[in-house]
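Heavy-atom basis, side chains included; hydrogens, waters and symmetry copies ignored. So you know, we letter chains A, B, ... as the sequences are listed, proteins then strands, and number each from 1.
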Number of protein chains: 2
Amino acid sequence: MADAEYVNIWMRPERPARGPKPVYSRAQITEAAIRIADAEGLEAATMRRIAAEIGAGAMSLYRYVPSRDDLVELMADRVMGEIDVTGMPSGDWRADLTRYADGLRAMWLRHPWIATVQRSLPSFGPHQLLLIERLMGVLDAFVSIDENLGLVAILAGYVEGTVREEISAAEEVRRSGLSEAEWMARSSPYIDQVVKSGDYPIFTKIVIEARQPHLSRDDQFRHGLQRVLDCVAAALAGA
Amino acid sequence: MADAEYVNIWMRPERPARGPKPVYSRAQITEAAIRIADAEGLEAATMRRIAAEIGAGAMSLYRYVPSRDDLVELMADRVMGEIDVTGMPSGDWRADLTRYADGLRAMWLRHPWIATVQRSLPSFGPHQLLLIERLMGVLDAFVSIDENLGLVAILAGYVEGTVREEISAAEEVRRSGLSEAEWMARSSPYIDQVVKSGDYPIFTKIVIEARQPHLSRDDQFRHGLQRVLDCVAAALAGA
DNA sequence: CCTCCACTGGGTACGTTGTACGCGGTTGCA
DNA sequence: TGCAACCGCGTACAACGTACCCAGTGGAGG
């Protein structure tokens with residue numbers, strides 16, 4: 001029981017004191033893994049593949065990262081850092097929350113594999129800590145911590161829910177390996193069958209709506225976001 | 001190009017015409033897989049393990065299910081069916097949405113592995129179709145399809161977001177294989193270190209809040225849900 | 001009635017995964 | 001000048017999903 005076994009990645013120092021200079025780095029490995037996951041999905045980012053990407057042997061990665069799960073944690077925190085929250089809170093909470101929501105959505109669209117990570121524990125990496133600090137700071141002056149957590153949950157839930165939907169079709173196409181046209185041709189028979197059965201009138205309305213040109217994704221998102229922010233405003237006024 | 005290769009599980013018939021009576025069934029296999037996943041996590045529900053659970057050989061499962069991914073789809077749709085939406089819409093939209101939210105949350109708590117599924121495509125199994133039909137029916141008379149989808153996204157996003165948080169700690173404990181007390185002892189040093197650094201005052205407030213006894217999870221959930229429903233009410237009034 | 005073959009359960013085997021272990025070389029401190 | 005701590009990485013292994021093949025089985029056509 002002398003030396004602690006680290007439970008948490010963030011407590012494990014990257015570099016020890018003595019010995020030869022490491023050739024690679026956690027950041028470099030994480031970057032390579034993200035690059036692969038962006039292009040071919042998280043399941044393509046295997047240890048061997050990542051190692052090959054940076055020109056290392058497979059087992060070399062384990063000098064930098066305790067396990068693949070931990071590496072995924074590093075990846076997740078790394079992309080969290082892409083969300084720009086500098087200067088928050090600015091005093092204009094509506095602008096701040098809008099900027100956060102846009103940034104979160106853009107990040108998810110850049111890194112769709114994030115949807116499949118969402119592991120149980122939040123893990124509180126440095127980027128995520130900063131994000132929490134700034135984001136929760138936006139409403140901190142107006143409401144209690146409990147209330148704040150609830151409102152942020154609604155906001156984040158909305159963004160993640162809608163962006164998941166945006167991602168889904170594209171990811172399914174990529175997974176199947178088919179072209180988009182082929183995939184559409186393959187999957188529509190089932191939808192058609194459901195629609196033709198006549199048992200699902202509302203679902204049918206959704207399908208029809210989805211198949212004709214409508215508002216751009218961005219506009220749809222913005223519209224729903226305004227609803228959520230109105231909800232926040234109501235909560236602030238009530239408090 | 002004569003016979004179609006099915007893209008979708010739901011288009012593939014379970015039983016062919018001739019030959020000996022199958023000993024097992026899709027439902028039985030799905031049930032066993034859910035049982036294992038509930039107790040030991042989705043990653044424990046391997047094909048061999050599931051087969052052993054029902055007393056079959058590993059490869060026998062493939063007579064019923066084309067692949068493990070498809071089986072997971074079956075599992076997901078099966079647990080969707082646990083959400084009781086009979087008699088919706090009842091005319092009282094607030095009661096309906098509350099019942100749905102409670103049911104969804106309870107289902108997630110029973111089957112925490114659902115958080116790690118959330119695959120890209122919704123897949124539209126029979127239970128999910130029914131759920132969509134009933135749930136979207138609740139607000140169908142009051143708002144447009146677009147508006148309805150947006151409001152439901154907010155609701156579902158809130159439920160999934162908060163329940164994910166509820167699940168996370170428990171799942172992490174299970175994954176680590178440690179007892180809860182051991183796990184707390186292992187992970188708190190990191191949190192303490194973050195708090196003691198003094199760089200994260202708001203995060204510190206969250207930790208303090210979380211560590212003292214507070215409202216029950218249920219009450220917290222209900223409270224936030226009321227906020228979301230108020231938001232829906234505002235949208236209905238504005239339309 | 002027999003014959004046929006589409007079906008059954010399941011054993012064996014292969015490719016791929018994460019990663020434990022150990023090697024020989026390199027570096028900073030005593 | 002050692003020596004212990006570190007490096008990159010080759011080998012090896014267990015567990016995974018699943019392709020392939022087999023011997024049996026039972027309903028349909030004669």
Side-chain angles (χ1 to χ4, degrees), chain A residues 2-3 5-6 9 12-26 28-30 32-33 36-37 40-75 113 116-117 119 175-177, chain B residues 2-3 5-6 9 12-26 28-30 32-33 36-37 40-75 113 116-117 119 175-177:
Chain A
D3 53 344
E5 295 165 23
Y6 301 109
I9 272 277
R12 181 177 293 233
E14 162 144 26
R15 293 278 326 273
R18 292 227 288 286
K21 290 274 154 59
V23 179
Y24 314 105
S25 72
R26 263 190 201 174
Q28 183 187 3
I29 292 168
T30 308
I36 295 169
E40 305 167 46
L42 190 61
E43 75 281 358
T46 67
M47 297 306 267
R48 291 171 229 263
R49 183 92 164 64
I50 297 166
E53 177 87 5
I54 62 173
M59 291 312 293
S60 303
L61 302 191
Y62 287 93
R63 294 279 172 196
Y64 301 86
V65 162
S67 75
R68 184 174 184 275
D69 280 0
D70 288 301
L71 176 55
V72 171
E73 215 114 303
L74 289 174
M75 294 167 68
W113 47 268
T116 69
V117 175
R119 246 265 300 300
R175 277 175 54 93
S176 70
Chain B
D3 54 343
E5 297 166 22
Y6 301 110
I9 272 278
R12 180 178 295 232
E14 163 146 25
R15 294 276 328 271
R18 290 226 292 286
K21 289 272 154 64
V23 178
Y24 314 105
S25 72
R26 262 191 202 173
Q28 184 187 2
I29 293 169
T30 308
I36 296 169
E40 305 167 45
L42 190 61
E43 75 281 358
T46 67
M47 297 305 267
R48 290 171 229 260
R49 183 91 166 64
I50 298 166
E53 177 86 5
I54 61 173
M59 291 312 294
S60 302
L61 302 191
Y62 288 95
R63 295 279 170 198
Y64 302 85
V65 162
S67 76
R68 184 173 185 275
D69 280 0
D70 287 301
L71 176 55
V72 172
E73 215 114 305
L74 289 174
M75 294 167 68
W113 47 268
T116 70
V117 175
R119 248 267 300 300
R175 277 176 55 93
S176 70

| Which of the following nucleotides, D:dG17, D:dC20, C:dT8, is nearest to the side chain of B:P22? | C:dT8

| query | Quick one: B:I29 CD1 to D:dT18 P, roughly how many Å, whole number? | reply | 14 Å

| task | Grab the OH-P distance between B:Y24 and C:dT8 for me, whole Å please. | result | 13 Å

| request: Look at the side-chain N and O atoms of A:Y62 and state whether any lies under 4.0 Å from the OP1 or OP2 oxygen of D:dG10. | output: no

| query | Atom CD of B:Q28 and atom P of C:dT8: how far apart are they, to the nearest Å? | reply | 14 Å

| task | List in chain and number order the residues that pass side-chain hydrogen bond (donor to acceptor under 3.5 Å, both in side chains) with B:S25, two or more places apart in sequence or in another chain; answer none if no residue qualifies. | result | none

| Stepwise side-chain contact (heavy atoms from CB on, under 4.5 Å) test for B:V65 and B:T30 | CA-CA 10 Å; B:V65 162; B:T30 308; 5.8 Å; no

| said: Students often get this wrong, so: under 4.0 angstrom with heavy atoms, is A:A58 touching a base, only sugar-phosphate, or nothing? | reply: nothing

| request: Go through the structure and list residues passing side chain to side chain contact (heavy atoms under 4.5 Å, CB included) with A:M59, not counting sequence neighbours. | output: A:Y62

| message | What is the separation between atom CG on A:L61 and atom C1' on C:dT19, rounded to the nearest whole Å? | response | 11 Å

Taking only N/O atoms, report every protein-nucleotides 22-24 of chain D pair under 3.5 Å with atom names and distance.
none

For nucleotides 14-16 of chain C, tabulate all protein N/O to nucleotide N/O atom pairs closer than 3.5 Å, reporting atom names and distance.
none

| said: Using whole Å, what does the distance between atom P of nucleotide D:dC7 and atom CD1 of A:I54 come to? | reply: 14 Å

| task | Return the nearest nucleotide to the side chain of A:M59; candidates are D:dC9, C:dG9, C:dG18. | result | D:dC9

| task | Would you name the heavy atoms of A:A45 and A:A33 that are closest together and state the gap between them? | result | CB-O, 4.0 Å

| salt bridge (Lys or Arg N to Asp or Glu O under 4.0 Å) partners for B:R49, two or more places apart | B:E40, B:E53

| Rounded distance (Å) that lies between atom C1' of D:dT18 and atom CZ of B:R68 | 13 Å

| field | Nearest-0.5 Å distance, CZ of residue A:R68 to CG of residue A:L74 | value | 12.5 Å

| request: Kindly give the heavy-atom pair with the smallest separation between B:A51 and B:A58, and that separation in Å. | output: CB-CA, 3.6 Å

| query | Does B:R26 reach the main-chain N or O of B:Y64 with its side chain, forming a donor-acceptor pair under 3.5 Å? | reply | yes

| Quick one: CE on B:M47 to OG on B:S60, what's the gap to the nearest 0.5 Å? | 10.5 Å

| query | So, is B:Y64 close to the C:dC7 phosphate, meaning a side-chain N or O under 4.0 Å from OP1 or OP2? | reply | no

| task | Considering just the side-chain nitrogens and oxygens of B:K21, establish if one lies under 4.0 Å of OP1 or OP2 belonging to C:dC7. | result | no

